[in-house]
Amino acid sequence: MKKVLHFASVALLGLLAWQAVVTFGDLPRFILPGPMLVFSTLWTSRMLIAEHAVVTITEVLIGLGLGATLGFASAILLVASPLARNLLRPMIVFSQAIPVFALAPILTLWLGYGLWSKVAMALLIIYFPVTSAFFDALMRTPVAWVELARVMNATPARILWCIRVPAAMPGFSSGLRLAAVYAPIGAIIGEWVGASRGLGYLMLLANGRAKIDLMFAALIVLAVLTLVLHAAVDAVCRRIWGG
Amino acid sequence: MSGAPALRLTGRVTIGGTAIFGPLSLEVPAGRWTCLLGPSGVGKSTLLRLFASLGDGVDFEGTVGASDNMPLAGRVALMAQSDLLMPWLDVTANVTLGARLRGTQQPRERALDILARVGLADHGTKRPDALSGGQRQRVALARTLMEDRPVILLDEPFSALDAQTRARMQELSAELLAGRTVLHVTHDAAEAARLGETVLLMTREGITPVASPPARVPRPYDSVETLAFQGRLLRQLMETV
């Protein structure tokens, strides 16, 4: 309750500051619309925004699911096979030197204007944090646990599955939490580069037509969606792995 | 326990050229409780780990094995200073960890029976973080018993417990591990005086046996005989350092 009150008062303060800037700065509505106007646009255009939001949510959720699965599997592979570690790790790190943003046009070229180029963007942007967080956690299994398992005649594969993976789940969770925040960024970039649907597309369209109030309304919806996604992932991780 | 072998080790250990111990020779009698007493840093744990095939990080020149010349792998159970419980498993699952790790069926009935013997019958569904330090170490003891191995290696398993809990754990362990070949590494003279049917003193110079009193283990912590033995052990420890 205290947390909610705290959050509400911060939000209210932010809105007041926003309105003050618009009122006293005498800014035209196509430069910075006030919060009242943005919220009224949010209400009147709710069907339009919802339609596009559903597209973005779908892209984000598929990207998150695929990215998490791929990241999980990659980290396991890297830990299980020294050969894979030697070959793939430098490649994965090098791939991070390429700005994902720069890949968006190529992905659109390869995968088309539809859903999958955005899913690929979301996937690419979350793959590294998930893989890296889980891999690091897998490499940090307490040595004494592994030794106990060895004395109990466990094979390396059983040690990995019964001890190292469960012990590393908090690390996987922190990767997922990051992914929940990054995945919408990937989807939006994909939509900016080339799309006919989605919140990113709507924002670009509204911007081009000087409907800044609609752009802000879409932006608010996107921010809220990201926060909800993060909270949901956090809640699931806590429930399953307690951390 | 029938078929519990004696343990033998001869040789020396170095780590990157630095001598840790030896050359020395050690014989742990079959089916008895042997305390290896010594100050920190003389290589007691390293020596114990050699019997568990955990000597990865050290250079060992010599032989280590059992009196029956059969391999020790698969006949050894280990209990360390830390309880090593898996925080994501409940108590019963922790006790049956060995079966889970070997991919064999988990004998639940036996696990519950052993939990009852260590006095934790009502705690089977709890997670380790809901237990006290003493209870956690009793779960570790239950897990060790569950393995049902003839050779038990104890690496200061009671040193992190408070005095009262430690005394109880010593009694419980002595009772439940009786008949097995136990090698118990400790730096506590009082503990060795209570538990050691054979007490070996390990110093930089090597290993020397110390004659122990005839009373059955666990010896009473407050008997004159135990206290005198404790004093004698401590004196010998002091003289060597």
Side-chain angles (χ1 to χ4, degrees), chain A residues 68 71-73 75-76 79-83 85-86 130 133-177 233-243, chain B residues 45-46 48-58 71-90 93-104 106 127-130 139-141 143-157 160 183:
Chain A
F72 186 92
I76 300 255
V79 165
S81 152
L83 181 70
R85 193 150 67 230
N86 289 335
V130 172
F134 190 37
F135 173 77
D136 286 347
L138 282 169
M139 295 302 277
R140 280 197 309 262
T141 320
V143 179
W145 287 356
V146 175
E147 288 179 348
L148 178 74
R150 275 173 54 194
V151 173
M152 289 174 160
N153 303 81
T155 59
R158 296 293 299 180
I159 293 178
L160 179 62
W161 194 245
C162 296
I163 294 199
R164 298 180 74 180
V165 168
M169 280 334 249
F172 185 60
S173 296
S174 47
L176 278 189
R177 283 192 200 99
V233 167
D234 187 53
V236 169
C237 291
R238 265 174 212 288
R239 196 172 169 82
I240 301 179
W241 304 303
Chain B
S45 291
T46 307
L48 178 120
R49 290 162 61 84
L50 288 171
F51 286 112
S53 314
L54 294 174
D56 297 350
V58 303
L72 270 173
R75 295 197 289 164
V76 171
L78 177 71
M79 214 175 140
Q81 180 177 353
S82 157
D83 51 65
L84 302 179
L85 299 183
M86 308 294 143
W88 60 88
L89 297 175
D90 69 15
N94 263 297
V95 171
T96 56
L97 181 72
R100 181 186 306 266
L101 280 168
R102 290 184 290 273
T104 55
Q106 288 152 38
R127 293 286 177 106
D129 56 13
V139 178
L141 177 63
R143 182 185 59 203
T144 309
L145 287 169
M146 191 72 199
E147 290 293 282
D148 199 20
R149 306 269 173 104
V151 177
I152 308 287
L153 303 173
L154 304 177
D155 193 357
E156 304 191 10
L183 177 58

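A, B, ... follow the sequence lines: proteins, then strands. Residue 1 opens every chain.
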Checking heavy atoms, do the side chain of [X], its backbone, both or neither come under 4.5 Å from chain A?
| X | result |
| --- | --- |
| B/Ala80 | neither |
| B/Ala99 | neither |
| B/Leu72 | neither |

Please tell me if the side chains of [X] and [Y] come closer than 4.5 Å, counting only heavy atoms from C-beta onward.
| X | Y | answer |
| --- | --- | --- |
| A/Arg158 | B/Arg102 | no |
| A/Val151 | B/Glu147 | no |
| A/Ile163 | B/Leu101 | yes |

- Between A/Asn153, A/Thr155, A/Ile159, which has the largest tally of heavy atom pairs under 4.5 Å with chain B? A/Asn153
When rounded to the nearest 0.5 angstrom, what distance separates [atom1] in [X] from [atom2] in [Y]?
| X | Y | atom1 | atom2 | value |
| --- | --- | --- | --- | --- |
| A/Glu147 | B/Asp155 | CD | CG | 10.0 Å |
| A/Met152 | B/Met146 | CE | CE | 10.0 Å |
| B/Leu54 | A/Leu148 | CG | CG | 9.5 Å |

- Query: When only heavy atoms count and the cut-off is under 4.5 Å, which of residues 135-145 of chain A reach chain B?
  - Reply: A/Ala144, A/Trp145
- Message: Report which part of A/Ala167 has an atom under 4.5 Å of a heavy atom belonging to chain B: side chain, backbone, both, or neither.
- Response: both
- Query: Which heavy-atom pair separates B/Trp88 from A/Pro166 by the least distance, and what is that distance?
  - Reply: CE2-CB, 3.2 Å
